[in-house]
Amino acid sequence: MALVLTEEQQLLRDTATQFFQERVPVANLRKLRDTKDADGFDRAVWKEMADLGFAGIMISEKYGGTDFGPVGLGLVLEQSGRTLAASPLVSTVLLCGSAVQLAGNATQRQEILPAIAAGERIMALALEEGPHHNPTRIATRATADGQAFRISGKKTFVLDGHVAGQLIVAARTGGNDNDRTGITLFLVDPKAEGVKITRTLMVDNRNAADIAFDNVAVPSTAVLGSIDGGIDVLEQVLDIARIGLSAEMLGLVQEVFDTTLAYLKERKQFGKVIGSFQALQHRMAVLFAEIELSRSVVLDALSAIEARRNDVPLVASLAKARLSDIATLMTNEGLQMHGGMGMTDQFDVGLFMKRARVAAASFGDGNFHRDRYASLEGY
Amino acid sequence: MALVLTEEQQLLRDTATQFFQERVPVANLRKLRDTKDADGFDRAVWKEMADLGFAGIMISEKYGGTDFGPVGLGLVLEQSGRTLAASPLVSTVLLCGSAVQLAGNATQRQEILPAIAAGERIMALALEEGPHHNPTRIATRATADGQAFRISGKKTFVLDGHVAGQLIVAARTGGNDNDRTGITLFLVDPKAEGVKITRTLMVDNRNAADIAFDNVAVPSTAVLGSIDGGIDVLEQVLDIARIGLSAEMLGLVQEVFDTTLAYLKERKQFGKVIGSFQALQHRMAVLFAEIELSRSVVLDALSAIEARRNDVPLVASLAKARLSDIATLMTNEGLQMHGGMGMTDQFDVGLFMKRARVAAASFGDGNFHRDRYASLEGY
Amino acid sequence: MDALEKFRQETRTWLEANCPPSMRTPMTSEDETVWGGRNAKYENPEAKLWLDRMAERGWTAPTWPAAYGGGGLSKDENQILQQELRRIKARPALSSFGIWMLGPALLEFANEEQKKEHLPKIVRGEIRWCQGYSEPGAGSDLAGLQTKCEDKGDHYLVNGQKIWTSYADKADWIFCLVRTDATKKHDGISFLLFDMATPGVEARPISMISGASPFCETFFTDVKVPKGNLVGELNKGWTIAKRLLQHEREMISGMGLGGAGSGAGLGGLEQAAKDYYGEQNGRVASPSLRDHITRQKMDGKAFALTMQRSAEEAKAGQGPGAASSIFKYYGTELNKRRFELLLEIMGTKGLGWEGEGFTGDEITVTRSWLRSKGNSIEGGTSEVQLNVVSKRVLGLPD
Amino acid sequence: MDALEKFRQETRTWLEANCPPSMRTPMTSEDETVWGGRNAKYENPEAKLWLDRMAERGWTAPTWPAAYGGGGLSKDENQILQQELRRIKARPALSSFGIWMLGPALLEFANEEQKKEHLPKIVRGEIRWCQGYSEPGAGSDLAGLQTKCEDKGDHYLVNGQKIWTSYADKADWIFCLVRTDATKKHDGISFLLFDMATPGVEARPISMISGASPFCETFFTDVKVPKGNLVGELNKGWTIAKRLLQHEREMISGMGLGGAGSGAGLGGLEQAAKDYYGEQNGRVASPSLRDHITRQKMDGKAFALTMQRSAEEAKAGQGPGAASSIFKYYGTELNKRRFELLLEIMGTKGLGWEGEGFTGDEITVTRSWLRSKGNSIEGGTSEVQLNVVSKRVLGLPD
């Protein structure tokens, strides 16, 4: 196990820290929001991230990636969490890039991975069909039509769905609505006939879309991985996304903690700085402890992917459950300790609270992952 | 609804307060424990309680009771909780007395109720068969044998089982182990052939027993209520016991709170009384709030029995869940705030913690009653 | 009794005749609230009619003395009036900080001239008031306020800044705490009234995490105020402030009981959970969520019973009781928890900001979730409340 | 490497030849622990044999210098010795506060004469030590201790009272914090050693909520102590105390990871839940309990990973890191929570005190549950730990 960073990783972290602090501060997100930006993220920034190697961080050098590995990606995500940087990292790199690497054939890899690494291809995974994460609750059907398939169904909460140049759609080629088998992944062109994409405006100002598929024709070459065997790919991809989001939330939590601590040392009431009040001190000390534990869990989960350990599902659920809960706790405590000013849009803490809540709900919240953890452990 | 005491009830509370403080202080429990008292409670004190009308408090005057009603009984139980007074109130008055009043025929009432009111009859309900409260999980069988029945099975956690002059046994005359129907209540002589009683020494020094029934013969006149219909009586009786125990725990919680508050005002560390530390102040203020809410819930539940409201099961579960949880919380907080001295047997707080835990586990803990509450409310 | 019954009959008859039909329907938006004031606009003329008719009888402030335009009703009569209004589902004729907050303070602390001047206009909804208390540097420590009020002989000169002044951008007058003695803390505060149209007054709406808000920052630059606008004695304004704060706190406590935006549109916690999570054998499909819902419902019920007990104790002459000291703290924390739980239940449907993909009820819950975070800050933070309980109720030392 | 491998071979051979068979079986009761001392009794003569053989090589204190009777092993060699001991499941030859606590302090702070006098006897288990720190009036505020030590020219005179002196009734000597300057606080404390057989020393066992305990109250009445028994400088004892406390805290933190009496006898939380609650489709029958168990297991795992991370950081030369400041707090709170959960799982079977109706494992859990309440008090309360984190780590002011 490796819970300490190598020198190379420390360098990467420093690069990422500097990049996000200087190039993508929280002000960037405000600007995207206030200008009602059509993309919902800054394409120039994304290009810079690709140039720094962040987009290809989990892609092998053969396909134009930097192959820094999951721990490296985690460090980048953590720093992006500190400034609420909006980018297609989750949709394109964590989810779709991983799916193509894991399940794509040589042609698909060659066509897609270099484009992702170069920051030229945005992709989105169309998976969810209800308000709660559930990778097997798939009613969207792909019906064989000669050598092709016809897809019909409705997807929701598709991250970056309205800006994606290519979709991966999880559809049912067999079985019933909650079966593990019978799910197949398809590469779908969002401009294909019958695809209707509606951007939704989320509380965290990130991109998500509802997508309806009405008898959309896709060729058999669009199948990603094996027919009916999509769940195995999905679960690996989702675990990567869960761990990646946990790393992002770790950065978010640390930032809110640091900001709150600074505020407690500065804000005066009753003639003293409020950080001198013991009740607040103890709450901060407990949060400090929880964050230290969270850091260990995220590092362990990232290194579990890297080492291809067989307990990845377990530590993914551990990380996602813990970070979802701590992100909710920390942003609530942070806002309360900022007092009335924390309620204003002028302060950043509310933005962090909103992002925390969306990240917590993405790909399984605490309830989902505690239940999954117990099932994986056999009780 | 009546959440304020009448003058008569206030008088009763004052009488009870004085009685327990003077006649049954915590020192009494210590004496029973240290002398390894064979009864586990003080018969002389029980006689005095009967003389004050406490034993017959829910029994109508016709049968020698005082008929003060459930709120009155709750006040007595609350005060008994403040001094950890050991008595057969729960076994004999709450459980068995209520069962006989609800289900007994004229002969049974005449034979039993005056004896209870006079403090001359100790009774025990043999119900539980596993480590967790579950009134329908009954494997003990009563097989018809001509006009009589033969009872076989094992009961556990029978409060006052080893001192009872008469048992009420819940046995199955029909149905399967977890069925609601098919349960019948029997009046059984503990000296009957085939009854084997083993006293267990609980952490709270109260009485409980394991009782084995080996083909015990009981006449048909021993049936209490209707054959196969015992669950309806049991549930009413259990709700009374749950609410009564909640009242006892309310007294226990209030006592630990008061004692802890006094200690915080007296104990000095770092040159100041520890009650001046804000972190402890806030914890005490939160506990104060929880106790105020608990008082309202207990009063409401008691008056629900008194007014024969149809939401008794709901408020019983509300009271038992809340008081079980708060009693655990308050005794833990109280002990921690007493520091090392709280760990010594010399201080009382440990005794309160032990009693809190047993009362919490009796007739359903927080888990049981939250589950029941949700089911009663239909979700 | 007979007199009261007669009053009920008369009231019922009058309401039947005078409450316009559209005023007996539920409001479809907060914008329909009638706040009165110089610049009031009435999309629906019946709203104006209803206000004027009620104001004429003094029933916008039913228990105030008739001498100041109030209804002069007894407590019992007012109870009947409110029952009858509810019976026909009448909308409030007037919502007003003048009625809720300022009026009672004026009745207790103002001189005769001030009462005659201000109260009737409040009753008639002619003047809309706002409240100037908090300042950027004086939140929990309200008495640390610094807005300077100097005696310039024939007038006062006010300089400073207020924050959280609800609807300051729409109000006609403000009641305001100002510092008249910088050498003292609590004993250097005075209670002042002035016209928001006075030169030097500027109000800017505050954008909140939940979106647009009625709150403003309000700036005073060399604002001249007539000396007759001081209520009560100079430097004794804190007494009035405390009374008003107590009142505000009670209003906020009620939140623990649910109400506007509390997810009512979703049919309550358990129905929402069944809808958004699904059910199995009639149970909420997520067992841990089902447990959390039960904890929330149980605590909510316990809190409601405690407010009821407190009211019954007060009625029985046992005073407000120590329990009331925890209402603000517990009610607001409970309300915040309920919204957290609602969001947990709604999943991604509880995370929309606006536009397509979400129902109006869903967006309302999300915005209310964000707004609820302020409950434990405004009107005295939870921390201040716990301090008060530990010091005043439990007698723990500094 | 070769040298170490050779050491491993020799050690293995020696252990094979010298560790008696009965010393390779698990202890059946705490009473079998070998504490040594003047009055040590050995029910099993092989225990004495094992102690003597290990002591002869200095392997009861493997890393202490051979000059003081220690094993003189390097860190790597000691690691190998411990591995080999575990391999054959050897019982500890000697349990001793002298080895765990006092010895390291003497090695760092004592003079040569004191080391020569005391260390070899500790290694051989000849003298059993106890620790006199806390006093009834000085718990969290340990530096407030009042046990008076007066300089009487040729000796010190000690008067006062200690509490929580583990095994004081069985120990031969005590290492003790005493007040040598009443005008100062931390700078008026000295570190003193003396024989418990000295006239004026009395130890009384303390009865605990969990039953009998090794803890004592210890009284000193005009106890004469030779002046050579002072360790380090006069009034500089606090430095030594802090070092020892740090060590104690680390030992207690480990509790968060489970261990003795942690319910291991019941097969862990989830197995216990299946046994005491039953299961449905392979799941713990109570869904809310299942959720609580998962929270506990997750937090336990997160804590273990954090201790591991801290160790790896230390190894990588990054110092102990801020994370270590939370170990005592988090570990003990976690341990308390686990026992609360175990009791919840066991229902009435977790509530026995002694006698029939309960298994030995059940009684052990119940007693350990009660004992665990002390974890967050002894060695610095949770409150003190949180103070330390907020002040020293977070830099929050007084």
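The model shown is predicted, which means the values in this text are computed figures rather than measured ones. Quick note on labels: first sequence line is chain A, next is B, and so on, each numbered from 1.
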Exercise. Could you look at B:T156 and say if it's the side chain, the backbone, both or neither that has a heavy atom under 4.5 Å from chain D?
Key: side chain

Quiz item: With distance as the sole test, does D:T348 use its side chain to make a donor-acceptor pair with the main-chain N or O of B:P131 at under 3.5 Å?
Solution: yes

Exercise. Answer whether the closest heavy-atom distance between the side chains of B:Y373 and B:K320 falls below 4.5 Å.
Key: no

Quiz item: Where does D:S382 contact chain B at under 4.5 Å (heavy atoms): side chain, backbone, both or neither?
Solution: both

Self-check item: Set of side chain to side chain contact (heavy atoms under 4.5 Å, CB included) partners for B:A262, sequence neighbours left out
Solution: none

Quiz prompt | chain D contact via B:R283 - which portion, at a heavy-atom distance below 4.5 Å | solution = side chain

Exercise. Compute whether any side-chain donor of one residue and acceptor of the other, for D:D181 and D:T183, lie under 3.5 angstrom apart.
Key: yes

Exercise. Below 4.5 Å from any heavy atom of chain B, which atoms of D:M208 appear? Answer side chain, backbone, both or neither.
Key: both

Quiz prompt | B:I274, part contacting chain D, at a heavy-atom distance under 4.5 Å | solution = neither

Self-check item: chain D contact via B:N332 - which portion, at a heavy-atom distance below 4.5 Å
Solution: side chain

Exercise. Would you confirm whether the ring centroid of B:H132 sits within less than 6.0 angstrom of the ring centroid of B:F368?
Key: no

Quiz item: Is chain D contacted by the side chain of B:F157, its backbone, both, or neither, given a heavy-atom distance below 4.5 Å?
Solution: side chain

Exercise. Could you tell me whether the side chain of D:K328 and the main chain of D:E248 form a donor-acceptor pair under 3.5 Å?
Key: no

Quiz item: Aromatic rings B:H338 and B:F347: how do their planes relate, parallel, tilted or perpendicular, breaks at 30° and 60°?
Solution: perpendicular

Exercise. Please state whether the side chain, the backbone, both or neither of B:D210 comes within less than 4.5 Å of a heavy atom of chain D.
Key: side chain

Self-check item: Heavy-atom proximity to chain B below 4.5 Å, by part of D:A143
Solution: neither

Quiz item: Heavy-atom distance under 4.5 Å between the side chains of B:V349 and B:T331, does that happen here?
Solution: no

Quiz item: With distance as the sole criterion, is a donor-acceptor pair present between the side chains of D:E344 and D:Y277 under 3.5 Å?
Solution: no

Quiz item: So which residues of residues 352-360 of chain D are in contact with chain B at a heavy-atom cut-off of under 4.5 Å?
Solution: D:G352, D:W353, D:E354, D:E356, D:G357, D:F358

Quiz prompt | Engaged part of D:P136 at the chain B interface, taking heavy atoms whose separation is under 4.5 Å | solution = backbone

Quiz item: So what's closer than 4.5 Å to chain D heavy atoms on B:T344: side chain, backbone, both or neither?
Solution: both

Quiz item: Between B:M341, B:K268, B:K354, which residue shows the highest count of heavy-atom pairs closer than 4.5 Å to chain D?
Solution: B:K354

Quiz prompt | Flag, side chain of B:T200 to backbone of B:A208, donor-acceptor distance under 3.5 Å | solution = yes

Quiz item: What residue, out of B:M343, B:R370, B:Q346, has the most heavy-atom pairs lying under 4.5 Å from chain D?
Solution: B:M343

Quiz item: Which region of D:T366, side chain (C-beta onward) or backbone (N, CA, C, O), has a non-hydrogen atom less than 4.5 Å from a non-hydrogen atom of chain B, or is it both or neither?
Solution: side chain

Quiz item: Quick one: does D:I209's side chain get under 4.5 Å of B:L335's, heavy atoms only?
Solution: yes

Quiz item: So what's closer than 4.5 Å to chain B heavy atoms on D:I163: side chain, backbone, both or neither?
Solution: side chain

Quiz item: Does D:R283 offer a backbone N or O that forms a donor-acceptor pair with the side chain of D:N281 under 3.5 Å?
Solution: no

Self-check item: Pick from D:K185, D:M346, D:K373 with the largest number of heavy-atom pairs that fall under 4.5 Å of chain B
Solution: D:K373

Practice problem: Verify, without hydrogens or angle tests, whether D:R179 (side chain) and D:K184 (backbone) share a donor-acceptor contact under 3.5 angstrom. | Solution: yes

